[in-house]
Amino acid sequence: MFRYLTAGESHGPQLTAIIEGVPAGLTLTEEQINIDLARRQCGYGRGGRMLIEKDQVEILSGVRWGKTIGSPITLCVRNRDWENWHEKMSPHERFQDEKIRVTRSRPGHADLPGAMKYDHHDVRNILERSSARETAVRVAVGAVAKALLSQFGIEVCGFVAELGGIKASRPALPIAALKDMAAKSELFTYDRSVEDEMKRLIDRVRDEGDTVGGVVEVSAAGVPPGLGSHVQWDRKLDARLAMAVMSIQAFKGVEVGIGFQAAANTGSKVHDEIFYDSARIVRGEQSGFYRKSNNAGGIEGGMTNGEEIIIRAAMKPIPTLYKPLRSVDIVSKEPYEATVERSDVCAVPAASVVAEAVVAIELADAFMVKFGGDSIAEMERNYQGYLDYLRSF
Ligand code: EPS
């Protein structure tokens, strides 16, 4: 099992993750994790905080001389903004200051339900942890999952598929080519033709003091058939992926393959017909079975079917707005209009990197469940045995 927890507040000293279950012998460096941390910080539409933060990971346990040793891995990403928050976020009672309490709850945030649930009369106690700042360390965990998956030829990549209703169209290219295109795009999309329109929309929305959301897409290629299971609800891989993606701050919907479109079509148009060609095995493919379409998004009955996994998810517009929204002060009960001094206009490109991370984490977990060993060498033996069997199936 690949499992993890994160801890840390947005303006606290650092974000921390502990990962358990990574086998020994995996090459892992801070530099390789930092590449994904930097990707998450880019993207058109971010606000002032990203000028302060330059996220870098520190590996504090579980790795020795560039390789995992099988023990829990601790990752830490320090918050540079902590400089400005020492007293306001101090664990020590002597810094308590009622004057800096936040009592105004912003619509669309965790503020009000969180304050009610935890009996807080200072919304900061909720917003610090509900903040999407936490995704920085989840991306670091995702980079570890991706390192594990890439040992077995599995590649995962996130893209922006839609922004404020502007749809990108996906070229019929292998994932590596799409990844290159997205890496060169400020919007992290594989469709250059809509990029300017998306940027213009972000500029217009910024001028209006508003925010905009979108749809991210994550693809995983090279995934063998048979990850996940049909036998129990919590072993179904699509269910696990949906939960992981829905757990990203500001996400409101998830679909696998054609998702909601399937509901509007008849069965004969939706289901991917099955073919067999023994020449595929000679060419080194994992199986002779294949599909000519992939409406299922690579998952049938809660299990991978050997086709590319495609997950799409909707991110709502960030609720922290310059434009006033009506709300109520939780202490005085007086109405007020919620506004901010600092906010992102659009974080959909960054969210595509986060979605990529959480999908990679679930796939790494499912992969460990099926082929898990205590070392990479043991997993390679397990995996090779399965591939040999699959080719003869
Ligand atoms: C966030 C609010 C902003 C974002 C932050 C998420 O932070 P601040 O309130 O400090 O300006 O910049 O995102 C990040 C810090 C990040 O690393 O992505 C929120 O309320 O969710």
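Whatever order the structure lists them in is the order used to number ligands and atoms, beginning at 1. Numbers here simply count residues along the sequence, with the first being 1.
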To the nearest 0.1 Å, how far is [atom] from its closest protein heavy atom, and which atom is that?
| atom | value |
| --- | --- |
| atom 4 (C) of ligand 1 | Asp344 OD2, 3.7 Å |
| atom 15 (C) of ligand 1 | Arg133 CD, 3.1 Å |
| atom 8 (P) of ligand 1 | Arg342 NH2, 3.4 Å |
| atom 6 (C) of ligand 1 | Ser131 OG, 3.4 Å |
| atom 21 (O) of ligand 1 | Ala132 N, 2.8 Å |

Residue pair Arg283 / Asp277: nearest heavy atoms and the distance that separates them:
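For Arg283 and Asp277, the tightest heavy-atom pair comes out as NH1-OD2, 4.5 Å.
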Counting distance only, does the side-chain N/O of Glu378 pair as donor-acceptor with the main-chain N or O of Asp374 below 3.5 Å?
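Between the backbone of Asp374 and the side chain of Glu378 there is a qualifying donor-acceptor contact (under 3.5 Å).
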Within the structure, is a non-hydrogen atom of Arg40 found at a distance of less than 4.0 Å from ligand 1?
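The answer is yes: ligand 1 sits under 4.0 Å from a heavy atom of Arg40.
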Under a 4.0 Å heavy-atom limit, does Gln249 contact ligand 1 with its side chain, its backbone, both, or neither?
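It is neither part, as no heavy atom is under 4.0 Å.
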Which segment of Thr135 sits under 4.0 Å of ligand 1 when only heavy atoms are counted
neither
Nearest heavy atom to atom 7 (O) of ligand 1 wins, so pick from Arg49, Arg106, Glu53.
Arg49
Could an N or O of ligand 1 be found under 3.5 Å from any N or O of Arg46, whether backbone or side chain?
yes
Short N or O distance, His11 and ligand 1, threshold 3.5 Å exclusive:
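His11 vs ligand 1: N/O contact under 3.5 Å present.
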Evaluate side chain to side chain contact (heavy atoms under 4.5 Å, CB included) for Lys146 paired with Asp36, printing each intermediate quantity in order.
CA-CA 10 Å; Lys146 287 199 307 174; Asp36 280 342; 2.9 Å; yes
Close-contact set for ligand 1 against Met50 heavy atoms, below 4.0 Å
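Result: 14 (C), 15 (C), 16 (C), 17 (O), 18 (O).
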Val156 reachable from Val215 in the ILVMFWY side-chain graph, under 4.5 Å edges
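No.
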Measure the spacing between CD1 of Ile154 and CG of Leu227 and express it to the nearest 0.5 Å.
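Here the rounded value is 6.5 Å.
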Quick test of your reading of the model: are Arg200 and Asp203 salt-bridged, counting only N-O distances below 4.0 Å?
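Salt bridge flag = no for Asp203 with Arg200.
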Would you tell me whether Arg129 and Thr6 have side-chain atoms, one donor and one acceptor, within less than 3.5 Å of each other?
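On atom types as modelled, these side chains qualify, holding a pair under 3.5 Å.
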Report yes if the distance between the aromatic ring centroids of Phe289 and Phe275 is under 6.0 Å, otherwise no.
no
